Amino acid sequence: MNISYELESITPLTVANTTGEGRGNAGGLSLRNFCVAIDSTMYVKTGELLRKNLESHFGVPVKYLVVTHYHGDHIFGFKPFKDVCILSSELTSKIMLNKETKSRYQDFIKELAKEGPIGEGIEYIVPTLLFTDKLIIQDDDLHIEIYHTGGHTAGSSFISFPHEKVVFAGDLIFENTFPYAGDPTCNPELLIKALEKMQDIKADIYIPGHGPILKGPSALNRHIKFYKDLRNIIKDAINDNLKAADVSVPDVFGEPEDERKNMTVNTWVNFYKNK
Ligand SMILES: [Zn+2]
């Protein structure tokens, strides 16, 4: 089976693959003496190609892998990065170590193995270096800033590379597709705040967790509006005692699959009911 995983040059020092071939988008950036991978795709094979292509593109070794959050389509490709430092927010690692996530993901990994070669060999690896609020990785005159914000998941984080004016947003942004905001740890208020914080950074390019890149901070407007509109719809639905299936959501990102929509609506209803 011939699997390829090409990296698109986004700026001179950043690359990404936003085709969906590895499910969650992944990419990386180069500082002066090493490069940093960001997320690892859902498969070992695409994770391997990500590392290989990063190192050949930039001509320096990968020293860190930063993971934006714990979802399988971003962490199941960790195996080829076992010898480098895998970084996440403290909450991402906490969620990964929790019994419920572990057993749910062991089942998920078994299911993927049935899909044939692409899904084989996944190991459940927990990050080893953890940060709480913000972390800076510095090399000579270049640095990146990693912010833990929560939102899409409690551990969600994004990465800013000021020199290139690029932000790696993880799943805080789904571009051109209905977002999944139904994780049990999703916090709608923190999600909106995270998008506003990213917008304040005024990057030229935002690389989402799913879908194509966004250009400029104004491209985040419709995402912020979507979540704020959804918040109003959910609050009304609570008042009217509606079932998830009867709630209609904004269609700016297209018609959602029922399952994804209902999970999101139920999570948001629970969140605002208990506020
Ligand atoms: Zn996710």
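These figures come from a predicted structure and were not determined experimentally. Sequence positions, counted from 1, serve as the residue numbers for this chain. Ligands are counted one by one from 1 in listed order, and the atoms in each one are counted from 1 as well.
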message: Run the side chain to side chain donor-acceptor pair (under 3.5 Å) test on Asp171 and His74 for me, step by step, so that the C-alpha distance in whole Å, both residues' side-chain angles and the decisive distance to 0.1 Å come before the verdict.
response: CA-CA 9 Å; Asp171 284 0; His74 299 258; 3.1 Å; yes
- prompt: Would you say Phe158 and Leu195 make side-chain contact, with heavy atoms under 4.5 Å?
  reply: no
task: Could you tell me which N, O or S atom of His71 is nearest to the Zn ion (ligand 1)?
output: ND1
- prompt: At the Zn ion (ligand 1), what's the angle from Asp171 OD2 to His69 NE2, rounded to 10 degrees?
  reply: 90°
query: Does the separation of the ring centres of Phe226 and Phe253 fall below 6.0 angstrom?
result: yes
message: Can you confirm whether or not the ring centre of Phe81 sits under 6.0 Å from the ring centre of Phe78?
response: no
- prompt: Do you see an N/O/S atom of Asp183, backbone or side chain, under 2.8 Å from the Zn ion (ligand 1)?
  reply: no
